[in-house]
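Take a look at the structure set out below.
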Amino acid sequence: MELYQHFRKEEHQFIDHVMEWKEMVERQYAPKLTDFLDPREQQIVQSIVGSDGDVRVSFFGGALFVERKRALLYPPYFEPNEEDYDIALFAVRYPGKFVSLEHRDVLGALMSLGLRRGKFGDILVQGGEIQFFAAAEVADYIRLHVGTIGKAPVSLELLPLSAAMPIAETWEEGTVTVSSLRLDAVLAQAFRLAREKAKTLIESGLVKVNWKVVDKPEFVCGPGDVLSARGFGRCKLFSVEGMTKKERWRIRLGRQK
């Protein structure tokens, strides 16, 4: 199908889901709400659905600044509001004087519940305060089953979405050159690693591209790709600006502060 030519092979299954959602809205003439989607998945949904007048799409993740959002596909007559996205915001209460919790601790506890990652939105950690967004349909289940995170006893408090902690995303940008657009080359430049070290991280399953694990060093990166390596942080390939006289690629990279 011609549509698939515009996307990477590993994205084809998700594209099938998007097409099913779109057809469901067309057939039933009623809205369809998805799980939380990462930014790349949102781009795919927008590109497939966004230009079609018979089905429209909008995104919301509980606050304007979040990455992970639910998509709402709907017919033209429907006018969505925040309540239609069915999102719950939890505050994590824990003895902060005696223990510190990190993003990975919270995510690990939530994933141990046996729910899909798509049932959870962004996890906000700032100054000892922790909040997270979740799909409202599983909110009661979460409150019932989360009593500890790491070794810390916790309680969950349901908050209005307006109480979400504002967290700004900032990037330290710069233009660099790389020998190729292979993942190992870009990753090595972004995090100032030896190429072999970058390759080992990738083959060990510790690197994600657009929030999906990629274990092939030869994977070719493109503009807009977000890369992350466990223990090193996150970077973004903002643009590919062409070749230098020495036949190296000039790229604009951003590293998350």
Side-chain angles (χ1 to χ4, degrees), residues 10-11 13-22 24-25 30-46 48-49 57-74 80-94 101-126 129-150 152 154-165 167 169 205 208-213 226 228 230 234:
E10 62 270 17
E11 296 173 333
Q13 185 176 15
F14 180 71
I15 291 168
D16 290 338
H17 291 316
V18 177
M19 295 301 296
E20 289 172 6
W21 300 335
K22 182 173 177 288
M24 184 183 302
V25 174
K32 163 64 181 175
L33 180 65
T34 74
D35 282 348
F36 286 92
L37 308 176
D38 64 44
R40 175 56 182 167
E41 291 170 331
Q42 293 167 40
Q43 290 176 0
I44 293 173
V45 174
Q46 183 68 58
I48 294 175
V49 179
V57 62
S58 58
F59 303 91
F60 185 61
L64 296 178
F65 56 85
V66 298
E67 283 188 345
R68 299 178 60 80
K69 300 176 183 179
R70 303 188 85 169
L72 186 66
L73 288 70
Y74 55 94
N81 55 54
E82 288 188 2
E83 289 75 22
D84 294 314
Y85 294 87
D86 289 343
I87 296 173
L89 173 64
F90 285 107
V92 180
R93 306 303 185 194
Y94 67 103
L101 295 176
E102 299 180 1
H103 184 285
R104 62 183 178 183
D105 300 318
V106 181
L107 180 59
L110 296 178
M111 294 308 297
S112 71
L113 299 176
L115 298 171
R116 296 191 301 273
R117 178 65 178 97
K119 293 301 180 185
F120 304 103
D122 279 23
I123 299 170
L124 313 177
V125 181
Q126 184 169 257
E129 295 290 322
I130 299 175
Q131 298 176 348
F132 67 89
F133 297 97
E137 63 266 23
V138 295
D140 289 341
Y141 180 85
I142 294 169
R143 292 182 74 175
L144 183 64
H145 290 88
V146 176
T148 60
I149 295 179
V154 304
S155 62
L156 301 182
E157 179 183 353
L158 197 59
L159 300 177
L161 296 183
S162 59
M165 294 187 295
I167 296 180
E169 183 181 81
K208 293 183 179 180
V209 179
N210 299 328
W211 297 269
K212 301 291 189 295
V213 173
V226 176
S228 62
R230 191 180 302 173
R234 182 186 294 182

Handout entry: Over all atoms of both residues, closest heavy-atom pair of Ala164 and Phe133
Key = CB-CZ, 3.7 Å
Problem - Pair Lys32 + Glu20, salt bridge at N-O below 4.0 Å - result: no
Practice task
Tell me, with the steps shown, if Ile167 and Val125 meet side-chain contact (heavy atoms from CB on, under 4.5 Å).
Solution key: CA-CA 9 Å; Ile167 296 180; Val125 181; over 6 Å; no
Problem - All side-chain hydrogen bond (donor to acceptor under 3.5 Å, both in side chains) counterparts of Lys119, not counting sequence neighbours - result: Asp35, Glu137
Handout entry: Nearest-0.5 Å distance that lies between atom CE in Met111 and atom CZ in Phe120
Key = 7.0 Å
Practice task
Please report the closest heavy-atom contact between Ala71 and Val45, naming both atoms and the distance.
Solution key: CB-CG1, 4.5 Å
Problem - With Asp38, the salt bridge (Lys or Arg N to Asp or Glu O under 4.0 Å) member among Lys212, Arg68, Lys69, Lys208 - result: Lys212
Handout entry: Set of salt bridge (charged side-chain N to carboxylate O under 4.0 Å, His left out) partners for Glu10, sequence neighbours left out
Key = none
Handout entry: Those residues that, when tested against His17, pass ring-ring contact (aromatic ring centres under 6.0 Å, His included) (two or more places apart)
Key = none
Problem - Set of side-chain hydrogen bond (donor to acceptor under 3.5 Å, both in side chains) partners for Glu157, sequence neighbours left out - result: Arg93
Fill in the blank from the handout: Here the pair of heavy atoms bringing Pro31 nearest to Leu72 is CB-CD1, 4.1 Å
Handout entry: Gln42: side-chain hydrogen bond (donor to acceptor under 3.5 Å, both in side chains) partners, not counting sequence neighbours
Key = none
Practice task
Mind listing the closest non-hydrogen atom pair of Ile87 and Gly62 along with its distance?
Solution key: CD1-N, 3.5 Å
Problem - Under 3.5 Å: donor-acceptor pair, side chain of Gln126, backbone of Met165 - result: no
Completion exercise
In this structure, CG of Leu37 is separated from CH2 of Trp211 (nearest 0.5 Å) by 11.5 Å
Problem - ring-ring contact (aromatic ring centres under 6.0 Å, His included) partners of Phe90, counting only residues at least two apart - result: Phe132
Problem - Nearest-0.5 Å distance, OH of residue Tyr94 to CG of residue Leu156 - result: 13.0 Å
Practice task
Measure the spacing between CD1 of Ile130 and CD of Glu102 and express it to the nearest 0.5 Å.
Solution key: 9.5 Å
Handout entry: Partners meeting salt bridge (charged side-chain N to carboxylate O under 4.0 Å, His left out) with Arg40 (sequence neighbours left out)
Key = Glu11
Problem - Leu110 and Ile123, any side-chain heavy atoms less than 4.5 Å apart - result: yes
Practice task
Find the distance between CG (Leu107) and CZ (Arg104) and round it off to the nearest 0.5 Å.
Solution key: 11.5 Å
Problem - Distance in Å, Ile15 CD1 paired with Ile48 CD1, rounded so as to fall on 0.5 Å steps - result: 5.0 Å
Handout entry: Closest non-hydrogen atom pair between Thr148 and Ala109, with its separation
Key = O-CB, 4.2 Å
Exercise for the section: Check ring-ring contact (aromatic ring centres under 6.0 Å, His included) between Tyr85 and all other residues, then give those that pass, not counting sequence neighbours. Expected result: Phe60
Problem - Note: Arg70-Asp86 ion pair, threshold 4.0 Å (strictly below) - result: no
Completion exercise
Applying ring-ring contact (aromatic ring centres under 6.0 Å, His included) to Phe14 and not counting sequence neighbours gives Trp21
Handout entry: side-chain hydrogen bond (donor to acceptor under 3.5 Å, both in side chains) involving Asp16 - partner list, sequence neighbours excluded
Key = Tyr4
Exercise for the section: Report the residues that fulfil salt bridge (charged side-chain N to carboxylate O under 4.0 Å, His left out) with Arg117, sequence neighbours left out, ordered by chain and then residue number. Expected result: none
Problem - Beyond-backbone contact of Phe36 with Asp122, side-chain heavy atoms, under 4.5 angstrom - result: no
Fill in the blank from the handout: Those residues at least two apart in sequence (or on a different chain) that pass salt bridge (charged side-chain N to carboxylate O under 4.0 Å, His left out) with Asp105 are none
Problem - Heavy-atom pair of closest approach, residues Asn81 and Asp84 - result: N-OD2, 2.8 Å
